[in-house]
> 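Structure incoming, see below.
For the numbers below, each heavy atom of this structure counts, side chains included, while hydrogens, waters and symmetry mates do not. In this text, all values refer to a predicted model and were calculated from it rather than measured experimentally.
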Amino acid sequence: MNVYDVIIVGAGPAGLTAAIYARRAAKSVLVLEAKAWGGQIINTPDIENYPVAAHISGADFASQLYQQAVGLGAELKLEKVTGVEELGKVKRVRTNLAEYEAGAVILATGSENRKLGVEREQELSGRGVSYCATCDGNFFRNKDVAVVGGGNTALEDALYLAELANKVYLIHRRDSFRGEEATVALLRKKENVEFVYNATVTALLGEKRLSGIEVTDKLTGEKRTLELKGLFVAVGRIPENESFRSLIEVDPAGYAVAGENCRTKVPGVFVAGDNRTKEVRQLVTAAADGAVAATEAVKFLNA
Ligand code: NAP
């Protein structure tokens with residue numbers, strides 16, 4: 001009863017798309033999810049960069065994707081996967097509640113945004129605090145915003161936002177950037193970008209929505225209030241591959257190593273979405289990974 005052709009770990013856009021493709025190839029499919037169907041996209045109020053759907057909430061997107069996968073016959077269970085073992089042709093998947101076996105496993109566990117760790121961050125997330133400039137930047141057209149972080153994501157977010165926001169503060173905890181100098185040089189040419197070095201965000205202001213932030217200079221201890229509508233947190237991501245580290249190869253940042261065919265070094269184990277090594281981590285590329293991983297899994301099973 002606990003044996004499937006394909007077990008998919010993670011029910012975000014990558015995992016659920018993989019389920020659709022594997023079911024359409026007539027494979028039995030179990031999707032295991034630890035938290036909630038839909039993945040991180042459920043926190044996005046309005047998606048406007050997914051082809052055809054000009055505006056759709058993340059919750060509606062996830063709900064429709066869930067219905068589509070279930071409608072095609074995928075079985076979904078809310079269980080936390082604690083490990084995957086390769087037993088030759090068969091893979092054993094352990095959860096907090098049970099054990100399952102499959103011919104192919106697709107790891108689509110995504111990644112988590114590293115949080116700033118400042119008080120009220122969770123409460124104001126989606127109400128001015130964002131972790132994705134390309135998703136949410138358009139809501140802050142002609143407004144003042146800040147980006148916090150010093151890596152390539154923060155630099156590129158600041159560059160992107162400088163084109164549409166009135167003013168962009170780029171707040172970094174040091175006085176030199178981890179991200180590429182070429183991007184820093186482009187940012188220096190922007191008149192509406194202000195660099196705030198050696199600084200940390202120490203308070204989020206505003207009642208129901210963000211109206212400003214308190215920034216503390218790490219060298220002098222001086223506090224400064226910046227009035228703004230949007231705070232874009234870009235302090236790195238944490239791929240959710242902890243349970244698979246003994247099975248697959250991960251890069252130094254913890255991402256599962258796999259190419260565009262989504263195959264890992266372990267035959268029959270595939271990876272799809274934000275927990276994979278890749279350049280562009282977006283809704284559309286997560287869905288694309290799901291399609292590729294499932295198609296490769298079906299090929300593997302039929303070989
Ligand atoms: P990252 O390179 O890990 O940078 C994270 C940044 O956040 C660092 O500057 C770090 O400061 C800062 N930080 C971490 N924790 C913090 C905290 N609690 N408070 C304040 N600041 C904090 O992450 P990323 O920018 O998301 O990039 C991830 C990877 O993707 C990198 O390899 C990056 O090069 C790559 N990437 C590439 C491109 C591209 O090639 N176009 C675009 C985006 C990302 P410190 O520097 O002081 O540690």
> Would Val147 and Val201 show up in the same hydrophobic cluster when neighbours are defined by side-chain heavy atoms closer than 4.5 Å?
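No; Val201 is not reachable from Val147 via cluster members.
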> Salt bridge check, Arg94 against Glu85: does any charged N sit closer than 4.0 Å to a carboxylate O?
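Counted as a salt bridge, because a side-chain N and a carboxylate O are separated by less than 4.0 Å.
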> Taking only Lys NZ, Arg NE, NH1 and NH2, and the carboxylate oxygens of Asp or Glu, determine whether Lys80 and Glu242 approach each other closer than 4.0 Å.
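No, no charged N to carboxylate O under 4.0 Å.
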> Parallel under 30°, tilted from 30 to 60°, perpendicular over 60°: which one fits the rings of Phe232 and Phe140?
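Geometry flag for Phe140 against Phe232: perpendicular rings.
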> Apply the test salt bridge (Lys or Arg N to Asp or Glu O under 4.0 Å) to residues Asp217 and Lys223: give CA-CA distance (whole Å), side-chain angles for both, the deciding distance (0.1 Å), then the verdict.
CA-CA 6 Å; Asp217 187 305; Lys223 292 186 191 305; over 6 Å; no
> Does a side-chain N-to-carboxylate-O contact under 4.0 Å join Glu260 and Arg276?
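A salt bridge links Glu260 with Arg276.
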> With a 4.5 Å cut-off on side-chain heavy-atom distances among I, L, V, M, F, W and Y, is there a chain of contacts connecting Val70 to Leu78?
yes
> Charged N to carboxylate O below 4.0 Å: is that the case for Glu86 and Arg92?
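A salt bridge is absent here (no side-chain N lies under 4.0 Å from a carboxylate O).
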> Return the set of residues passing side chain to side chain contact (heavy atoms under 4.5 Å, CB included) with Val257 (not counting sequence neighbours), or none when no residue passes.
Glu249, Asp251, Thr277
> Any pair with a residue in residues 36-92 that passes ring-ring contact (aromatic ring centres under 6.0 Å, His included), sequence neighbours left out, goes on the list, sorted by first then second residue, please.
Trp37-Tyr66, Tyr50-Phe61
> Applying the 4.5 Å side-chain criterion to the ILVMFWY set and letting contacts propagate, would Leu301 and Tyr100 be lumped into a single cluster?
no
> Looking only at side-chain N and O atoms, does Glu240 offer a donor or acceptor that is under 3.5 Å from a partner on Ser111?
no
> So does Glu112 pair up with Arg237, basic N to acidic O under 4.0 Å?
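No salt bridge links Glu112 with Arg237.
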> With rounding to the nearest 0.5 angstrom, report the CZ to CG distance, Phe270 to Asn261.
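These two atoms lie 8.5 Å from each other.
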> Using a strict threshold of under 4.0 Å (side-chain N to carboxylate O), is an ion pair present between Glu121 and Lys115?
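Looking at Lys115 and Glu121, the cut-off is not met.
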> Out of curiosity, Ile8 CD1 to Thr109 OG1, how far, rounded to the nearest 0.5 Å?
12.5 Å
